[in-house]
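Note sheet for the following structure.
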Amino acid sequence: MLREVLVTRGDEFTDRGSFPLTEKANQNLGLFMSNGAAWVQMRRFTLATLRDFGMGKRGLEEQVQEETGLLLQELARTKGQPLDPSTLLTAAMGNSICRILFGHRFDYGDEQYLDVLRRVAQNFLLESSPLGKLYNILPGLLERLPGSHWTFFHNTFFVQDFLTRKVEENAVAGEPTTAPRDFSDAFLRKMEQEKENPKTAFTQDNLRVTVFDIFLAGTETTSMTLRYCLMVLLQHPDVAEKIQEEIERVIGTERPPALRDRAAMPYTDAVIHEVQRFLDLIPLGFVRTVARDTPLGGFTIPKGCTIYPVLSSALKDPRHFKNPEVFDPQHFLDEKGAFKKNEAFIPFSAGKRMCLGESMARTQLFLFLTAIPNPAEDGDPKNPASFKAHRGRSPSSPLPIPLTPCPPNKSAFPCPNTSRAGGACRVFMGGSSAGQQGEAE
Ligand code: HEM
């Protein structure tokens with residue numbers, strides 16, 4: 001059924017459903033919450049422009065390699081002291097996005113940038129806090145009451161303002177005759193071209209929300225996944241060992257990891273896939289709805305009904321994964337040790353509205369995981385914090401670097417048991433696999 005909703009009959013289920021917390025902040029603009037013609041315009045433009053600026057191409061690879069090198073230098077500055085790498089990792093992921101959005105990266109010590117990242121992280125938590133969930137059920141009531149939902153909105157507008165300022169600074173610095181330099185530059189030019197079109201989606205407000213959506217979607221998600229990878233390596237030293245063996249055999253220590261290495265490193269690739277499957281970062285998917293009464297599986301889904309495409313039901317489907325509740329890279333390996341695809345692997349969702357940053361996220365996960373020091377070798381597996389990393393595997397990180405990764409906070413995302421969006425009803429779609437099919441790659 002999930003495949004039917006997301007892919008086979010995807011056109012009928014493409015619209016976003018109600019999610020008041022985000023609606024208030026995004027005003028149905030941008031990518032996440034928009035629908036209809038405005039979403040189509042924004043999605044097409046964003047995909048094409050992100051590709052122009054490197055997504056799925058060598059440009060992105062080089063840019064991520066550069067960011068990885070800078071991250072390793074930053075880690076080396078800790079001189080062997082344990083650290084929680086969360087903020088650094090999020091900063092690095094965010095930098096890759098910012099370069100594409102407005103051609104700028106931030107120093108890891110930039111207080112303004114760190115403040116923005118802290119607010120983004122806080123919002124992920126607030127969104128899934130009891131009050132955040134209550135807001136999605138009773139927005140009208142909560143509007144009249146004090147509470148942390150106001151911090152959520154304050155943070156959102158703060159981050160939007162910050163990004164908008166960066167876009168403006170970038171625009172002032174630009175040379176109008178040359179080709180667009182980055183996403184916001186291309187957007188501003190499109191705005192200019194379409195200024196006489198009363199139906200255009202290319203407006204200042206849409207630029208603000210679209211830049212915000214891409215920044216938000218592209219920082220915490222990949223950063224949490226990478227943190228989870230590190231935690232898995234701490235808890236499974238045997239897995240870390242095999243990855244290390246592949247790194248030494250395929251990449252060596254004389255050059256940074258490259259995307260072409262991925263094909264020669266099936267075990268590492270399988271681990272990244274298994275981490276994403278097991279982490280199940282967005283278990284409910286993201287809300288969808290139907291524009292009219294729609295028959296499905298013998299029922300009628302009423303117009304406007306809020307639908308959750310439960311990605312968990314595919315990622316944990318025992319028909320596709322031998323031991324769905326166990327972390328096991330073999331789920332993505334055949335008998336000969338070659339990488340094996342699995343059609344139920346849909347952490348990025350599937351179909352027309354699937355994640356548009358999939359290829360970027362996969363590039364980042366591979367290049368960062370294979371470059372940063374492995375946090376496992378010594379210590380007690382039951383106490384991840386006791387592990388010491390001492391395999392500097394890049395010339396730019398010759399020092400032993402103990403890392404103390406924190407598990408990502410899954411509750412930052414809607415929880416299957418407690419999440420609730422407003423609207424006439426909610427349907428949790430699942431129970432069957434969904435084929436991967438989309439435009440991201
Ligand atoms: C591990 C990393 C990531 C995961 C697991 C992930 C997962 C998802 C999921 C499940 C959705 C909802 C799709 C649906 O409605 O069916 C989504 C949407 C989206 N993602 Fe990602 N994502 C990740 C990284 C990224 C990155 C790096 C970017 C930015 C380049 C990004 C940009 C977006 C955008 C803009 C949407 C909204 C698409 C739309 O509504 O048309 N994501 N993502």
Side-chain angles (χ1 to χ4, degrees), residues 2-3 5-7 10 13-17 19 22 26 28-36 38-47 49-51 53-56 60 63-64 89-90 92-101 183 209-229 272-273 275-289 306-312 314-315 345-366 368-369 408 410 412-414 429 434 436-441:
L2 197 52
R3 175 199 289 272
V5 167
L6 292 175
V7 182
F13 295 90
T14 300
D15 282 355
R16 273 287 171 245
F19 204 73
T22 312
N26 284 19
N28 295 336
L29 295 167
L31 286 155
F32 260 103
M33 295 312 295
S34 61
N35 279 324
W39 171 72
V40 173
Q41 286 186 54
M42 217 36 59
R43 173 116 188 165
R44 271 195 199 138
F45 173 82
T46 303
L47 270 172
T49 313
L50 289 184
R51 278 191 194 125
F53 292 108
M55 197 168 83
L60 176 67
Q63 189 248 87
V64 175
L89 294 182
T90 312
M93 303 299 147
N95 270 343
S96 295
I97 304 276
C98 290
R99 285 178 198 240
I100 291 178
L101 288 178
F183 180 86
V209 179
T210 304
V211 164
F212 173 72
D213 278 355
I214 296 172
F215 179 76
L216 200 69
T219 48
E220 273 296 307
T221 46
T222 20
S223 159
M224 276 192 202
T225 308
L226 199 55
R227 260 142 63 197
Y228 201 78
C229 277
I272 296 173
H273 279 72
V275 161
Q276 287 204 267
R277 184 198 73 77
F278 192 67
L279 167 60
D280 193 8
L281 187 63
I282 310 184
L284 296 186
F286 209 68
V287 279
R288 303 286 187 89
T289 192
T306 300
I307 299 164
Y308 283 89
V310 182
L311 303 183
S312 265
L315 296 174
F345 177 75
I346 54 162
F348 299 98
S349 187
K352 281 193 170 168
R353 194 139 201 179
M354 73 178 286
C355 175
L356 59 68
E358 177 185 1
S359 86
M360 176 158 194
R362 296 192 56 222
T363 299
Q364 285 185 312
L365 289 174
F366 179 77
F368 275 99
L369 183 71
K410 277 191 74 173
F413 291 93
M429 295 297 173
Q436 255 182 293
Q437 183 187 311
E439 332 137 86
E441 282 208 295

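Computed from a predicted structure; not experimentally measured. Along the sequence shown, the residues carry numbers beginning at 1. Counting starts at 1 for both ligands and their atoms, in listed order.
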Within a distance under 4.0 Å of any heavy atom of [X], pick out the atoms of ligand 1 and give their elements.
X	answer
P347	5 (C), 7 (C), 10 (C)
R353	13 (C), 14 (C), 15 (O), 16 (O), 39 (C), 40 (O), 41 (O)
T225	1 (C)
R43	38 (C), 39 (C), 41 (O)
Q276	1 (C)

Within-cut-off N or O pair, [X] and ligand 1, under 3.5 Å:
X	value
T222	no
W39	yes
R288	yes
I214	no

What I'd like to find out is whether the side chain of [X] reaches to under 4.5 Å of the side chain of [Y], using heavy atoms alone.
X	Y	result
L50	M360	no
Q63	I100	yes
N26	F212	yes
T210	F45	no
P347	L281	no
T46	F183	yes

Heavy atom of [X] under 4.0 Å from ligand 1?
X	value
L311	yes
M224	no
R16	yes
D213	no

message: Using a 3.5 Å distance criterion without hydrogens, assess whether the side chain of N35 forms a donor-acceptor pair with backbone atoms of R16.
response: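 Checked: pair present.
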- prompt: Can any side-chain N or O of D213 pair as donor or acceptor with the backbone N or O of F32 at less than 3.5 Å?
  reply: yes
query: For ligand 1, is any non-hydrogen atom under 4.0 Å from L31's backbone (N, CA, C, O), its side chain (CB onward), both, or neither?
result: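 The answer is both, backbone and side chain.
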message: To the closest 0.5 Å, what do you measure between CZ (F345) and CZ (R277)?
response: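 F345 CZ to R277 CZ: 9.5 Å, rounded to 0.5 Å.
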